[in-house]
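Presented below is the structure to which this report refers.
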Amino acid sequence: MVRAEREVPGDLPPGYHELRPLAGGPSRRLIVAPPACPLPADLWTWGWAVQLYAARSSRSWGIGDLADLRHLAGWAAGLGAGVLMINPLSASTPVTPQEPSPYCPSSRRFLSLLYLRVEEVPGAAEAPLELEELARAGRRLDEDRRIDRDAVFRLKLDALERLWRRFGGHPDFDAFRAERGRALAEWAAFCALAERHGRRWREWPAGYRRPGTPAVARFAEDHAGRIAFHAWIQWLLDRQLAEAGRSLRIVHDLPIGVDPDGADAWAWQDLLASGVSIGAPPDRYTTAGQDWGFPPFVPHRLAAAGYEPVAETLRAVLRHAGGLRIDHVMGLFRLFWIPRGMAPAAGAYVRYPADDLLAVVALESHRAGAVIVGEDLGTVEAGVRERLAAERILSCRVLWFEHAPPERYPELAMAAVTTHDLPTVRGLWTGADLRDQSAAGLQPNTQGWEAVRKRLGTMTGLPEDAPVEAVIEGTYRLLARAPSRLVVATLEDALAVEERPNMPGTATDRRPNWSRALPVPIEALERHPLAGAVAAALGGRRRPP
């Protein structure tokens with residue numbers, strides 16, 4: 001405890017401090033943060049952007065898992081890569097149907113059980129016959145390129161329930177529950193309540209509609225075993241994730257919002273705005289704008305809570321991360337609020353306390369030793385990129401959006417050809433992506449994308465009838481000229497995949513967003529000549545003086 005009058009001492013260590021008035025009264029949180037996020041001077045590398053659900057191996061149960069991530073990390077490190085950037089692994093509510101989008105989580109603080117490798121759960125080796133039938137059924141799912149998350153969920157939940165009955169406890173599990181504390185207890189209670197009363201907490205019996213009520217406390221006591229089961233799943237995920245990241249730096253992804261029916265919205269409902277959702281205004285690529293459906297935090301309520309939801313979320317995502325990509329990083333400055341029932345064009349921007357939020361990001365990233373990347377694509381107001389650079393937050397540079405050649409990209413950036421929401425090289429070059437947009441009921445900006453294709457041909461020096469594989473390799477040789485700290489290639493491009501992972505503005509009944517596996521298992525990816533050519537292109541780049 002430090003006693004101070006008039007001024008706070010200037011040598012307080014970074015962290016969260018509590019200011020208690022000497023004369024009594026309510027205390028206030030004081031956040032002492034480093035001046036910027038960590039960015040090692042020697043960090044200058046390349047890597048792969050991985051949709052983990054799509055990266056299946058011969059041992060996967062219908063979906064890429066954390067053992068597959070460990071496998072990919074070892075392969076990438078052997079090629080000289082320094083990073084893997086992965087999709088959010090955030091938890092969905094443990095009921096069916098499972099949410100397909102990694103960017104619509106029930107909780108950003110916990111992980112999805114879909115990513116567990118069941119055979120590596122403690123006790124699995126002692127129960128091979130009990131799991132054999134489930135494993136065969138899981139691997140049969142790999143025969144279909146479309147990922148059936150509900151089938152994966154049912155098989156893995158069945159297997160985990162069987163293994164839980166064999167689990168006799170472990171000191172590490174007890175320590176994990178103590179460390180994650182209230183947040184884990186609330187998550188596990190939410191899971192058990194959702195299993196009994198359905199996924200929409202606003203439709204639960206009144207006593208269960210917010211955490212901390214006597215009814216929830218009684219429920220937790222009456223269902224202690226099931227709540228321990230859901231906490232145990234998170235412990236298993238935490239262990240497997242830690243193992244996956246030992247070979248190289250894994251850059252995790254933080255979604256901009258949460259499912260309004262999910263656990264985080266239940267836990268923090270008093271801090272969220274009702275009757276609105278966040279999105280993006282119309283632009284030349286998405287002419288109708290976007291409504292993402294996520295409830296926003298109310299700025300002054302978030303400040304009054306000492307930014308604890310932000311700090312807790314960042315701390316959870318950074319547990320075993322070497323980096324973090326913050327989706328729509330402009331949300332630290334302002335968010336586009338859309339009144340319920342209205343089109344995105346009717347929305348408006350609401351300001352957020354950027355200084356405070358950036359301080360929390362700097363503090364938590366320093367604690368984790370993690371590099372921060374800000375996804376700053378789309379509508380970006382003046383001054384934001386300069387402020388992010390001052391905070392040592394890497395910008396994003398995407399070849400499809402840039403008119404300048406990669407040689408002119410900034411050093412403080414992560415450079416890429418495309419993203420999960422944009423065409424693959426094959427999709428752009430062949431025109432398949434434009435046809436896919438039209439088939440999905442969109443009105444594509446044909447002229448704009450044809451101009452991007454023409455610009456790509458000019459920059460690579462390739463003729464219009466060049467083979468796709470040559471275009472992909474040439475595109476990544478072009479990207480390799482970027483002086484940016486990080487450069488990443490997608491596994492979709494490494495395999496000349498035609499479809500992009502997600503088509504914004506389309507429903508799953510029109511297009512299987514987030515649900516297509518790579519066309520070959522990752523064992524075949526390792527031997528694929530195009531993947532080797534892309535790796536050689538990025539691995540051979542020279543660092544500028």
Side-chain angles (χ1 to χ4, degrees), residues 52-53 56-57 59-70 89-100 102 105-107 109-142 147-177 180 183-196 199 220 223-244 262-263 319-320:
L52 181 57
Y53 60 84
R56 303 188 299 201
S57 69
R59 298 192 63 199
S60 303
W61 291 20
I63 194 169
D65 60 34
L66 291 170
D68 296 324
L69 178 61
R70 186 180 68 235
L89 307 182
S90 308
S92 57
T93 300
V95 297
T96 55
Q98 283 283 285
E99 169 59 52
S106 178
S107 175
R109 297 173 289 168
F110 298 99
L111 304 171
S112 171
L113 69 83
L114 298 181
Y115 293 114
L116 270 175
R117 172 64 63 87
V118 171
E119 290 87 344
E120 296 187 4
V121 171
E126 289 75 45
L129 295 178
E130 193 171 354
L131 298 178
E132 184 177 353
E133 183 179 349
L134 294 174
R136 283 200 302 268
R139 290 177 191 135
R140 281 197 298 270
L141 294 173
D142 293 341
I147 294 167
D148 186 344
R149 283 179 172 81
D150 289 352
V152 175
F153 172 77
R154 286 188 287 264
L155 288 171
K156 290 196 174 182
L157 186 65
D158 187 351
L160 290 168
E161 288 173 336
R162 297 184 190 203
L163 293 171
W164 169 247
R165 289 192 287 270
R166 290 171 167 266
F167 181 66
H170 195 286
D172 289 351
F173 174 47
D174 298 336
F176 177 78
R177 293 187 77 177
R180 299 301 299 271
L184 179 61
E186 285 185 356
W187 161 253
F190 177 89
C191 292
L193 282 162
E195 288 176 324
R196 182 169 292 259
R199 65 183 313 114
H223 300 84
R226 192 63 179 180
I227 287 171
F229 168 70
H230 285 291
W232 176 71
I233 290 173
Q234 292 302 314
W235 176 61
L236 299 174
L237 287 159
D238 191 76
R239 284 160 52 106
Q240 291 190 11
L241 181 58
E243 284 296 319
R319 277 181 66 83
H320 303 297

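Just so we're clear, the structure is a prediction, and the values are computed from it rather than from any experiment.
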Would the distance check show the side chain of Q98 and the main-chain N or O of T93 forming a donor-acceptor pair, the cut-off being under 3.5 Å?
yes
Is there a side-chain contact (heavy atoms from CB on, under 4.5 Å) between F153 and T96 once you walk through the steps?
CA-CA 8 Å; F153 172 77; T96 55; 3.6 Å; yes
List for me each residue that meets ring-ring contact (aromatic ring centres under 6.0 Å, His included) alongside H223, sequence neighbours excluded, and say none if there are none.
F219
So, using ring-ring contact (aromatic ring centres under 6.0 Å, His included) as the criterion, who are the partners of F190 when residues are at least two apart?
W204, W266
Can you confirm whether W232 sits close enough to L163 that some side-chain heavy atom of one is under 4.5 Å from a side-chain heavy atom of the other?
yes
Hey, are the side chains of F176 and R239 touching, using non-hydrogen atoms and a 4.5 Å cut-off?
no
Could I get the full list of salt bridge (Lys or Arg N to Asp or Glu O under 4.0 Å) partners for R109, not counting sequence neighbours?
D264, E312
Pairing residues for W187 by the ring-ring contact (aromatic ring centres under 6.0 Å, His included) criterion, not counting sequence neighbours
F110
Under 3.5 Å, side chain of S106 to main-chain N/O of A263, donor-acceptor pair present?
yes
Would you give the length of the straight line joining atom CD1 of I227 to atom SG of C191, rounded to the nearest 0.5 angstrom?
9.5 Å
Sequence-distant partners of R177, salt bridge (Lys or Arg N to Asp or Glu O under 4.0 Å), two or more places apart:
none
side-chain contact (heavy atoms from CB on, under 4.5 Å) partners of L141, counting only residues at least two apart:
A151, V152, L155
Dump the intermediate steps for side-chain contact (heavy atoms from CB on, under 4.5 Å) on L184 and W235, then the final yes or no.
CA-CA 10 Å; L184 179 61; W235 176 61; over 6 Å; no
Could you list the residues that satisfy salt bridge (Lys or Arg N to Asp or Glu O under 4.0 Å) with R196, not counting sequence neighbours?
none
Are any of the side-chain nitrogens in E161 or R226 under 4.0 Å away from the carboxylate oxygens of its partner?
yes
Name all pairs fulfilling the side-chain hydrogen bond (donor to acceptor under 3.5 Å, both in side chains) condition that reach into residues 165-175, sequence neighbours left out, sorted by first residue then second.
E130-R166
Contacts of type salt bridge (Lys or Arg N to Asp or Glu O under 4.0 Å), residue D158, not counting sequence neighbours
R162
Once you round to the nearest 0.5 Å, how far does CZ of F229 lie from CD of Q234?
11.0 Å
side-chain contact (heavy atoms from CB on, under 4.5 Å) partners for P100, two or more places apart:
R149, T508, S515
Supply the atom-to-atom distance L134 CG to R154 CZ, rounded to the nearest 0.5 angstrom.
12.5 Å
Using modelled atom types and a 3.5 Å cut-off, is there a donor and acceptor pairing between side-chain atoms of E195 and backbone atoms of V95?
no
Partners meeting side-chain hydrogen bond (donor to acceptor under 3.5 Å, both in side chains) with E133 (sequence neighbours left out):
none
Donor-acceptor contact below 3.5 Å, side chain R319 vs main chain D238:
no
Hey, can you pull the donor-acceptor pairs under 3.5 Å for the side chains in residues 63-70, sequence neighbours left out?
residue: D65; atom: OD1; partner: A67; partner atom: N; Å: 3.0
residue: D65; atom: OD1; partner: D68; partner atom: N; Å: 2.9
residue: D65; atom: OD1; partner: R117; partner atom: NE; Å: 3.4
residue: D65; atom: OD1; partner: R117; partner atom: NH2; Å: 3.2
residue: D65; atom: OD2; partner: R117; partner atom: NE; Å: 2.6
residue: D65; atom: OD2; partner: R117; partner atom: NH2; Å: 3.3
residue: D68; atom: OD1; partner: S57; partner atom: OG; Å: 2.5
residue: D68; atom: OD1; partner: R117; partner atom: NH2; Å: 2.9
residue: D68; atom: OD2; partner: S60; partner atom: OG; Å: 2.6
residue: D68; atom: OD2; partner: D65; partner atom: N; Å: 3.0
residue: R70; atom: NH1; partner: E120; partner atom: OE1; Å: 3.0
residue: R70; atom: NH2; partner: E120; partner atom: OE2; Å: 2.8

Here the pair of heavy atoms bringing A135 nearest to E119 is CB-OE2, 4.1 Å
Nearest heavy-atom approach of Y53 to P102 is CE2-CG, 4.2 Å
Which atom pair, heavy atoms only, marks the closest approach of A228 to F173?
O-CZ, 3.6 Å
Is the shortest side-chain heavy-atom distance between L241 and Y115 below 4.5 Å?
no
Mind running side-chain contact (heavy atoms from CB on, under 4.5 Å) on L89 and L237 for me, showing each step along the way?
CA-CA 10 Å; L89 307 182; L237 287 159; over 6 Å; no
Any F167 side-chain heavy atom under 4.5 Å of V121 side chain:
no
